[in-house]
J.: 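Just dropping this structure here.
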Amino acid sequence: LAEIAPQLPVGEINGTRGYIISGGKDQDEGMFAQVENLLKEHSVLYHWHIYPEQAHQMPADFEQRLQIALDFIFAQSK
């Protein structure tokens, strides 16, 4: 994140969307909150899906969740 943030343009990144998948028991040490703040800072439309009972592993329904994420990311702005 420290390497990516300085390379982002200042202000809004028009039309960019993001999708975060995380586990509620993931020991992220605040990284997801930092990513969320960075997305907000650049007005990036995003969705954050949390699996409350999971740590840092792929969810059982990953293929379905990936399709949902891709649909969200590539959806036309309305």
J.: Decide yes or no for Leu38 and Tyr46: does some side-chain heavy atom of the first lie under 4.5 Å from some side-chain heavy atom of the second?
T.: no
J.: Of the non-hydrogen atoms in Gly18 and Phe72, which two are nearest, and what is the gap between them?
T.: O-CE2, 3.2 Å
J.: Please give me the minimum heavy-atom distance between Val44 and Thr16, naming the atom from each residue.
T.: CG1-O, 3.4 Å
J.: Heavy atoms only: give me the nearest Pro59-Tyr51 pair and the separation to one decimal.
T.: CB-CZ, 3.5 Å
J.: To the nearest 0.5 Å, how far apart are CD1 in Ile21 and CD1 in Ile50?
T.: 11.5 Å
J.: For Phe32 and Asp26, what are the C-alpha separation, side-chain angles and deciding distance, and is it a side-chain contact (heavy atoms from CB on, under 4.5 Å)?
T.: CA-CA 10 Å; Phe32 290 119; Asp26 198 345; 3.6 Å; yes
J.: With sequence neighbours excluded, tell me which residues meet side-chain contact (heavy atoms from CB on, under 4.5 Å) with Ile68.
T.: Tyr19, Arg65
J.: So, Asn37 versus Glu41: side-chain donor-acceptor pair below 3.5 Å or not?
T.: no
J.: Working to the nearest 0.5 Å, report the span between NE2 of His47 and CG of Asp71.
T.: 12.5 Å
